[in-house]
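Heavy atoms only: backbone and side chains are in, while hydrogens, waters and symmetry mates are out. All values reported here derive from a predicted model rather than from experimental measurement.
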Amino acid sequence: MTIKIASKWPMGSAPCVSAAIPARMDALTIRRDAYGPPARAIQFEAVAVPRLHPEDANRVLVAVLATGPNFNTNFASLGLPVPVFGRGDAATVHVPGSDALGIVVDAGSGVKSVKVGQAVILDSWTGRNIIRGYETHDGFNAQFAVVDEERAIPVADELKTHSPERLAAMLLTYGTAYRAVVERLAVAPGDSVLLMGGGKGTSFAGAQIAKALGARVILMGSNAGLGRALIERGIADAFIDRRQIPESAFGVIPADLAADQWLEKTALFRKVVLAANHGQPVDRIFEHTGGRNFPLLVSVLAENGRLAFFGATGQGMKGEYKESFFYGGRRFVMDARWVWMRQKQVIFRSQTPREIFTEIRLPAGRNGLIWGADGYALDFARAALERQARLAVVASRSRETAGIREMQALGIADSQIIDRDRFVLPEEMPDPLTEAGRPNPAYGRDYMASARALGKAVWDVFGPKVSPDFIAERTDQSTLHFSTFLLRDFTEQDDMPCGFVVARGSSNLSILGSHMYRSSQARDVVRLLSRKALVMEQGDLEVVGLEGLPEIQQKMLDGRMGKPKGVALVQADRAGRSIASFEDGYLGEHLIRSDAGKKRHVDFHLAGEVGILTLCRPEALNALNNDLIRGLGEVIAELRTRRGIQGRKVRGLILRGAGRAFVAGADVTEFAGSSARRIEEIALSVLRLFSEIENLKIPVIAVLDGFTLGGGNELAMSAHYRIATENAVIGQPEIKLGIIPGYGGLQRLPRLVGPLQAAEMSVNGEPIGGREALRLGLADAFAPSATALLAAYRVAEACISGKKKLPCKNWDAIALRQAGKMKAVMKMPRVQGFLSSPAPGQDAAQDLTAAREFAAKYVFTALEYGYKAGFKKGLTHDAKLFGEVAASPSGQEWIRRFIDKDPRQSSFLTILTPG
C-alpha cells in the first residue's frame, strides 16, 4: 500500500491516523509592512505546516478543528501601537490567533499528558509564550499549530458532547476573566460587580464567573437586546445602556479641571450605576475599555472597592492608554500598559504602613522605593526595614535635609538617596498615542525621558535592571505615572508575583492590573465548563469558515458584534458536530461499536486498510472475560475467513486497550469455584483464539500501553509485532494467585526471552517495563505513549506496502536452538526442589510460600514438556495443568484472596533468584 501525501489537507477534512501530515496548510496571515484594517490586511493563504523537531520533546502538533478571533489580532493587523515585526526580525509572515481546539496528530518524545487522537483546547498563555509585537501569538488561525504540552489541555469527557466551536473561542477570554474576577477582584457572595463590555467577549465570561461566585452582576454596554437576553438566562442581574449617558461625561480628566467640577459634570453616570445597584456604589469593577471610561468607574466604587483591568482597547483604531482618576481630590494619571500588561497593583489604604505590608504579604529582604523623607515616608521606611527591605529614597537634598538625616539614622546609606532635584517630574503625562493611533512624540519627550532617567538612578541603587518590588507612593503629589513605570513586572514564579504601589490615604481603593492566566486557572475554567457552572452555547456564536475570520475581527474592531463570540471552523466539517465524534473519527471509520450494557466489549475502526481493534472494559482494565473473548473471537473469525470486516478489506490489524491497560489479565472471577475441567475448557478456547490471531495472514501489531499482565501478555505474544511504551507493565503474575500462566505464556514467553528469564518472570510474578521488554526481546519496538498508536499504524503501513517484513516465528525451531538452556534450567537445584513440592492441603492452602512453590512446580513441568513435546502439544498440556492448579485448594484460596483484594496476595516473594 503506497500512501500519497497530499500537498495540503482540504478545509473541513477531519484528522485521521491514516492521513499523513501535509507540507502546506491554509492559514490567516499578516505580512510585514502590509498593515491595515483586519478585513483588508489579514490574508487567507497557504503556508508551510509547522513541524516537530528533536528539540521539541515536550511539544505537540495539533490539527485545528476550530479557532477564534481576539482583539490583539486587530492591533497586529493595524501595526499599532508597535509593528508585529520587530527590528532585526527576519520573518515576513505572521500567523495570528490565540484560541483554538483541535486533535493531537503528533507529539514529542517527552509528552506524557496527551496522545495522538485526543482533543485538546489550545491555551495561548500558559508556559512558554511565543509572542510577536503587540502580544499576538503565532499559529492558531491555521490548519495546524505546534504548542507546548502544557498548553494543550485535554477536553474533559463531560465536554465531549460539545461542538469544537463552543470551546475553541473561549479559553483566552474565560482564562483572562478568571484571573481578574477570582484572583484580582476576589469576588465573594453578595458583592456587586460592574462589567464593561455589555456581555460580549470577556465580559460574557466575567459575568458567568462572577455569578458562579454568588455576585450581583451589572453589565454596561450598548446592545440592550443582548443585555436583556443575558438577564433572562441568569448570567446578569442588570444592564446599563451606555448610550443614555452623555458623551461629555466620558474622557480623560483634563489636567486643569477641579474634582468638584468633574464630579458635577459626570453625576449622571453615578446616578445610573447606583440605580442599577439598589442605590449603592459597586464593590468590584471588571474593566478593559480604556481611558474614556476609567475615571468614571473609579468614581462609582464603594469603600474597599476594587477595579481590575486587563486592557485599554478603546474604540476603533486607537487604544486608550492614558488612565486618570481622582483620589482624595487629587488627580492621578498613569499609562495603562505599565499596569495591566505587567500586572502591577496600586492600592490606597487608610491603615498603617505595617498593616499595608502585612496585607500585601511583603516577603523579607525585598527592594522598595519610597517617595520623600518626611514623617509619612519615614513611617513606610521603618515598616519596610522591619522586613529587612533594601530601600531607595527619592527626596530633595535641598528641601528635605533633616528627613534625609533621619533616613540615614535608620541605616539607609547616602548612596541609596536619589536626589529629586536632579529630575524634572511633571504631574501631567501626555497621551501615549496620537488621535491617529500612532506613537505620540510628546509622550517620549515630556514623560518617558524623565521616567527612564529616574529608572537608571533606581538601578544604580539596586543593580542593573533590578526594579523595586514595592513603591511607597504619596497622596499629596501626582507621581503615580512614574511609580507604575518604575515598579517591577509580574513574575508568576515569584512568591510575591505582583509588584505593589502602596499609598496611605483617607479611604481604601484598589486598582489592579490583570493579564491572562496561569495553567491551573486554565484547567479550572475547563473544570467549571464541564460542571456547567460556565457555558458557551451554540447560539452565543457567530460561526464562519477560516477565510471569514478577518471579517469577524473587523466587526470586533468596529463594535458591530451581535453575539458574544465569533469562531471559525477549520478542520471541523460542520457546526454542531461533537468533539467525541472527531476523536472517534481519528481512528477511522467505526465499523463495530462496543456497548457495555449489551456486554459488547470490542471496538473496530478501519483507517485506510488498517483495522484498529480496541478492547473496551476499561473499568476492569480490559480483563479477559467470556464476553470480551467472544467479541474478540468474532472479529478474528471474520478477518480469517473473509479477509475483512463488513465487506471492507483489512490488510493490517492493530490491537490496543482502552484506558490504562492493554489487558490486565484474565477475569479470574470466572475461575472461582470452577472445576479443573471447566477451567481447562476456558483455557483451551482462549488458546485457540490466540493461535488464530497468530496465524492471521495480515500483520498484527499490539500496542502495550499500560498493564499487560497474565492473559494480556499472552495475547500480546500472539501478535506478530509488539510496541511497548513507558507506561507498559508487562509480566506473568499468576503465581501470586497460586496458579500458572494458562493462555500460552509458558510456551511463547521462554522462546522469546529465553527459558531462564521466562522462568523467573513466571515463578516470581514481578513485571518489567517497556524498555526492559525491548531489551529482552519481548517487545519489538519502544514508542512514547503519546505516539504509540501512530507508530503502530506506520508499522502496519510498512508491512502492507512490503517495506517491512515481519519474521514468521517457528516456535519449535526456536525451542530446538534453546534446548541446552532449557536443560540447564531444569538441572538447577532450586528447580529440582520445586518439582518435588507437595500439593498444599486445605489447611496449608493459606500458606503463601507453599502455594507459590506448588504453582512453581507446574510452571517448570509445563516448560519442560513444551520443549520436549513441541509447541502445539505444549499449549494443550498448559491448559490441563492450568485447570489442575487453579482448581486446587491453594489455587482457589489465592484466587479468592485476589478477588477480595487481600494485600497479602500481592506480596513480594522471590521464588527463583534472578540469574
Side-chain angles (χ1 to χ4, degrees), residues 309 321-325 327 330 332-348 353 356-357 360 362-363 365-373 376-377 380-381 383-384 389-397 400 407 412-413 415-430 432 443-491 494 496-504 510-513 515:
F309 70 111
Y321 303 137
K322 185 176 180 178
E323 311 281 42
S324 58
F325 62 96
Y327 175 85
R330 177 172 288 276
F332 292 89
V333 65
M334 62 186 185
D335 185 335
R337 295 170 299 178
W338 300 125
V339 181
W340 113 68
M341 286 186 186
R342 292 156 174 82
Q343 301 197 65
K344 299 176 182 181
Q345 314 294 288
V346 179
I347 66 171
F348 296 84
I356 293 171
F357 289 145
I360 70 172
L362 179 65
R366 293 303 177 116
N367 298 319
L369 176 68
I370 295 176
W371 287 94
Y376 174 97
F380 272 105
R390 185 168 57 152
L391 298 178
V393 176
V394 181
S396 169
R397 289 190 182 273
E400 299 181 273
M407 287 286 185
I412 298 171
S415 61
Q416 295 170 255
I417 306 296
I418 299 170
D419 186 2
R420 181 166 178 166
D421 297 339
R422 294 166 44 200
F423 306 96
V424 177
L425 304 176
E427 291 193 352
E428 177 61 343
M429 182 193 77
Y443 176 81
R445 181 187 63 243
D446 300 339
Y447 163 65
M448 280 303 296
S450 297
R452 289 193 177 107
L454 185 57
K456 289 178 181 177
V458 172
W459 288 355
D460 286 341
V461 176
F462 297 133
K465 298 187 178 181
V466 178
S467 298
D469 299 290
F470 68 93
I471 297 178
E473 181 54 78
R474 306 179 65 93
T475 56
D476 59 356
Q477 65 183 34
S478 294
T479 48
L480 182 62
H481 47 311
F482 292 106
S483 292
T484 49
F485 170 78
L486 296 170
L487 190 68
R488 73 157 168 85
D489 292 349
F490 175 83
T491 305
D494 198 309
M496 181 183 169
C498 297
F500 279 83
V501 175
V502 300
R504 190 178 184 190
S510 301
I511 295 174
L512 312 170
H515 196 40

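Contact of the Ile360 side chain with the Phe357 side chain is registered, since non-hydrogen atoms from C-beta on lie closer than 4.5 Å. Contact annotation: the side chain of Arg488 approaches that of Asp494 to within less than 4.5 Å [non-hydrogen atoms, C-beta and beyond]. When side chains are defined from C-beta on, Val501 does not count as touching Val339, because their heavy atoms never get closer than 4.5 Å. Residues Met334 and Lys344 fail the side-chain proximity criterion, which asks for heavy atoms closer than 4.5 Å. Residues Ile511 and Phe325 form a side-chain contact, since some pair of their non-hydrogen atoms from C-beta on lies under 4.5 Å apart. The shortest side-chain heavy-atom distance between Arg474 and Tyr376 falls under the 4.5 Å cut-off. Taking 4.5 Å as the limit, some side-chain heavy atom of Arg397 sits within range of a side-chain heavy atom of Ile417. Looking at heavy atoms from C-beta onward, Ser450 lies out of side-chain contact with Phe423 at the 4.5 angstrom threshold.
The side-chain tip of Arg420 does not point at the ring of Phe482 from less than 6.0 angstrom away and within 45° of straight on.
Of all heavy-atom pairs spanning Asn367 and Arg390, the tightest one is OD1-NE, 2.9 Å.
Partner of Trp338 under the ring pair (Phe, Tyr, Trp, His ring centres under 6.0 Å) criterion, chosen from Tyr321, Phe485, Phe490: Phe485.
Separation of atoms CH2 (Trp371) and CG (Asp476) is listed at 11.5 Å; rounding is to 0.5 Å. To the nearest 0.5 Å, atoms CE (Met429) and OG (Ser478) are separated by 12.0 Å. The CG atom of Leu454 sits 9.5 Å away from the OG1 atom of Thr479 when rounded to the nearest 0.5 Å. Interatomic distance, CZ of Phe380 versus CD1 of Ile471, reported as 12.0 Å (0.5 Å rounding). Put simply, OG on Ser510 and CZ on Phe348 are 9.5 Å apart, with the number rounded to the nearest 0.5 Å.
Glu473 places no side-chain N or O within donor-acceptor distance of the main-chain N or O of Ala503, the cut-off being under 3.5 Å.
For Tyr447 and His481, the ring centers sit closer than 6.0 Å to each other.
Partners of Gln345 under the side-chain hydrogen bond (donor to acceptor under 3.5 Å, both in side chains) rule, at least two apart in sequence or in another chain, do not exist in this structure.
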